[in-house]
A.B. asks: 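Dumping the structure here so I can ask a few things about it.
Letters A, B, ... mirror the listed sequences (proteins, then strands); counts begin at 1. Every heavy atom of this structure was used, including side-chain atoms; hydrogens, water molecules and symmetry mates were not.
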Amino acid sequence: MRLSRYFLPVLKETPAEAQIVSHRLMLRAGMIRQQAAGIYSWLPLGYKVLKRIEQIVHEEQQKAGHLPLLMPTLQSAELWQKSGRYDAYGPEMLRFTDRHDREMLYGPTNEEMITDIVAAYVSSYKALPLTLYHIQWKFRDEVRPRFGVMRGREFLMKDGYNFDLTKEDALHAYNRHLVTYLRTYERMGLQAIPMRADSGPIGGDYTHEFLVLAETGESEVFYDSEITELTFGDRAIDYDDKAECQAVLEEFTSRYARTDETHDEAAFGEIPEERRRSARGIEVGQIFYFGTEYSEKLGAMVTDAEGQKVPLHMGSHGIGVSRLLGAIIEASHDDKGIIWPEGVTPFHAGIVNLRQGDAATDAACEQLYAGLQAKGLEPLYDDRDERAGGKFATMDLIGLPWRVTVGPRGLEKGVVELTSRKTGESEEMGLEAAIDRLAQIYEGIA
RNA sequence: CGGGGCGUAGCGCAGCCUGGUAGCGCAUCUGCUUUGGGAGCAGAGGGUCGCAGGUUCGAAUCCUGCCGCCCCGACCA
């Protein structure tokens, strides 16, 4: 993309309404625009990152055999009356009536609807196991939305639901989700720690929240520092292997890690003092096994091998997709702007032409631009007639992980400059070498 | 939902107390000079002062009501 043809309304000054760094940077980098309290338009740059995150979530879910579908944002009140949550939910649920005076709502979640779908079509244990998920906009009419996309009213969420014959199978689905989540967050450059969570009004013993450590996190968390040394990495895993998935769960949840809701001072005290940590965290996902409650209320039953009708064991598993942009920025920025991890960056590299209009620099930039594209990369070429300082400031603000600087000074020596946004370190090299280096960096990521 | 604050140009703000033809910086446009970390000079355009009533010869300014947004707390992915 050529910056002269892009839509990137960056702001030099920080809008007054933004308090936390991710919100400020998203506004300044021209990623979002607020349209009402907790409701945002996603401008091209923000939309690109959102789509990138969504894509990673899709890929990791599908690797585990989970099936994508799409349910509507608007729902009829009927299903919610059946489950009993229509009254239980309270004013957070946005309700309205259509022209025929039918009660409708903007879905805050989809347990009822997915259960209705499964109840309608699945009647034999042979159709199991089954995990369906979607990535869809949700609405929760928060009393006090804040922190930009971290706590909006409208938000994009991946919610997945597993349907299994037995508790054992459902717990395998739970473990499977834990593995997919570990992989998903790592691909986004995040360390998200699974912490034992409060199961809330639904009840049940099996639930973990995934938290990204950040000073601006809303939850207070307590953990054993050993847990931050764990990474899933690129190890192979067979999602159908129950023992293997169980082992991952045990590996990642055996150390103390809890939010303040479930914090236990006595258990925490048993950790060696030098490993005890308390910090703040941003919740970016939750996995939950809750048994047969919804399947019983909504009639999701199958006939088992003995010919008995039994309710399905269910769990639901969410990832806050839009919130993740905020979380990633909170975890990865400096005083100049955002620093995108390579896995989610909107553009793979920025090309800065220091002397727009100069035949040699223009030609070198075009060559870079075409060369990177030929390698399957997407560069953002700053071809505006701006001064160097402005171009650098924009690149730093929008956070592309790599920048190639092309100026007359370097070209005389036959080199361009490749700079890491994260470390600030620059290296001079030939133009083709820069293309090859970037292709190498993104191998397996882009 | 309790407490506090703010709505003036795209963004950041002053003006309001003490009523008298709406201002500054950034951004935008034009010209010239500049050109490796948000340049300089000269000029230009852009505002229903959140909305509605009221007081007044006259309201951004005073009064009343409403709307929107933000912050702290309680709550939540």
A.B. asks: Suppose you measure atom C1' in B:G73 against the same atom in B:C49; what distance do you get, rounded to whole Å?
C.D. replies: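 Approximately 33 Å lies between the C1' atom of B:G73 and that of B:C49.
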A.B. asks: What integer number of Å spans the C1' atoms of B:G12 and B:C51?
C.D. replies: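 Approximately 24 Å lies between the C1' atom of B:G12 and that of B:C51.
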A.B. asks: Using a cut-off of 4.0 Å between protein heavy atoms and nucleotide atoms, how would you tag nucleotides 35-49 of chain B 5' to 3' with B, S and -?
C.D. replies: SBBBB----------
A.B. asks: For A:Y256, which of A:H263, A:E226, A:R196 qualifies under side-chain hydrogen bond (donor to acceptor under 3.5 Å, both in side chains)?
C.D. replies: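 The single option meeting the side-chain hydrogen bond (donor to acceptor under 3.5 Å, both in side chains) with A:Y256 is A:H263.
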A.B. asks: When the C1' atoms of B:C62 and B:C16 are compared, how many Å lie between them, rounded to an integer?
C.D. replies: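 Between the two C1' atoms, the distance is 10 Å.
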A.B. asks: May I ask you to check whether A:Y86 and A:Q81 show a side-chain donor-acceptor distance below 3.5 Å?
C.D. replies: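 The criterion, which ignores hydrogens and geometry beyond distance, is not satisfied for A:Q81 and A:Y86.
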A.B. asks: Does B:C29 pair with anything, Watson-Crick or G-U wobble, both distances under 3.5 Å, and if so, with which nucleotide?
C.D. replies: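 WC or wobble partner is B:G43.
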A.B. asks: Classify the side-chain pair A:E283/A:S219 by whether it contains a donor and acceptor separated by less than 3.5 Å.
C.D. replies: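 No, no side-chain donor-acceptor pair sits under 3.5 Å.
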A.B. asks: Whole angstroms only, please: what is the CD-P distance between A:Q356 and B:U34?
C.D. replies: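 Checked: the CD to P distance equals 19 Å.
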A.B. asks: Could you give all pairs that pass the ring pair (Phe, Tyr, Trp, His ring centres under 6.0 Å) test and reach residues 377-396 of chain A, with sequence neighbours left out?
C.D. replies: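 Output for this query lists A:Y369-A:Y381.
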A.B. asks: Both distances under 3.5 Å, Watson-Crick or G-U wobble: report the partner of B:C6, or none.
C.D. replies: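 B:G68 is the nucleotide pairing with B:C6.
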A.B. asks: Just name whichever nucleotide pairs with B:U18, Watson-Crick or G-U, keeping both distances under 3.5 Å, else none.
C.D. replies: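 Base-paired to nothing in any strand shown.
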A.B. asks: Side chains of A:Y294 and A:K82: do they bring a donor and an acceptor to under 3.5 Å?
C.D. replies: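 No donor-acceptor contact under 3.5 Å links the two side chains.
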A.B. asks: Return a single string for nucleotides 70-77 of chain B, one symbol per nucleotide in 5' to 3' order, where B is base contact, S is sugar-phosphate-only contact and - is none, cutoff 4.0 angstrom on heavy atoms.
C.D. replies: SBBBBBBB
A.B. asks: Any carboxylate oxygen within less than 4.0 angstrom of a Lys/Arg side-chain nitrogen, looking at A:R183 and A:E60?
C.D. replies: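 Salt bridge between A:R183 and A:E60, a charged N being under 4.0 Å from a carboxylate O: yes.
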A.B. asks: Indicate the ring-plane relationship of A:F268 and A:F222, choosing parallel, tilted or perpendicular according to the 30° and 60° boundaries.
C.D. replies: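 Perpendicular: the ring planes of A:F268 and A:F222 meet at over 60°.
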A.B. asks: Say we look at B:C75 and B:C1: how far apart would their C1' atoms be, to the nearest angstrom?
C.D. replies: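 After rounding to an integer number of Å, I get 10 Å for this pair.
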A.B. asks: Regarding A:D385 and A:Q356, do their side chains bring together a donor and an acceptor under 3.5 Å, going by distance alone?
C.D. replies: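 No, no side-chain donor-acceptor pair sits under 3.5 Å.
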A.B. asks: Could you work out the separation of B:G65 and B:U55 based on their C1' atoms and round it to a whole Å?
C.D. replies: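 Pairwise C1' distance, B:G65 against B:U55, rounds to 15 Å.
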A.B. asks: In whole Å, measure the gap between the C1' atoms of B:C29 and B:G36 for me.
C.D. replies: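 The answer is 27 Å between these two C1' atoms.
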A.B. asks: Identify whether NZ of Lys or CZ of Arg in A:K48 sits under 6.0 Å from the centre of the six-membered ring of A:F347 and within 45° of that ring's axis.
C.D. replies: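 Positive - A:K48 is close enough to the ring of A:F347 and near enough to its axis.
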A.B. asks: Considering every strand shown, what is the Watson-Crick or G-U wobble mate of B:U55 when both distances are under 3.5 Å?
C.D. replies: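 The base-pairing partner of B:U55, which may sit in any strand shown, does not exist here.
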A.B. asks: Expressed as a whole number of Å, how far does the C1' atom of B:G7 sit from that of B:U61?
C.D. replies: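 After rounding to an integer number of Å, I get 15 Å for this pair.
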A.B. asks: Which nucleotide, if any, forms a Watson-Crick or G-U wobble pair with B:U61, using both distances under 3.5 Å?
C.D. replies: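 Because no pair has both required distances under 3.5 Å, B:U61 counts as unpaired.
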A.B. asks: Could you tell me how far B:A9 sits from B:G23 if I compare only their C1' atoms? Round to whole Å.
C.D. replies: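 Per the computed distance, 11 Å lies between those C1' atoms.
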A.B. asks: Might you work through the side-chain hydrogen bond (donor to acceptor under 3.5 Å, both in side chains) test for A:E425 and A:S420, ending with a clear yes or no?
C.D. replies: CA-CA 6 Å; A:E425 284 164 19; A:S420 159; over 6 Å; no
A.B. asks: Can you tell me the pairing partner of B:C24 across any strand shown, Watson-Crick or G-U wobble, with both distances under 3.5 angstrom?
C.D. replies: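 Checking every strand shown, B:C24 finds its partner in B:G12, with both distances under 3.5 Å.
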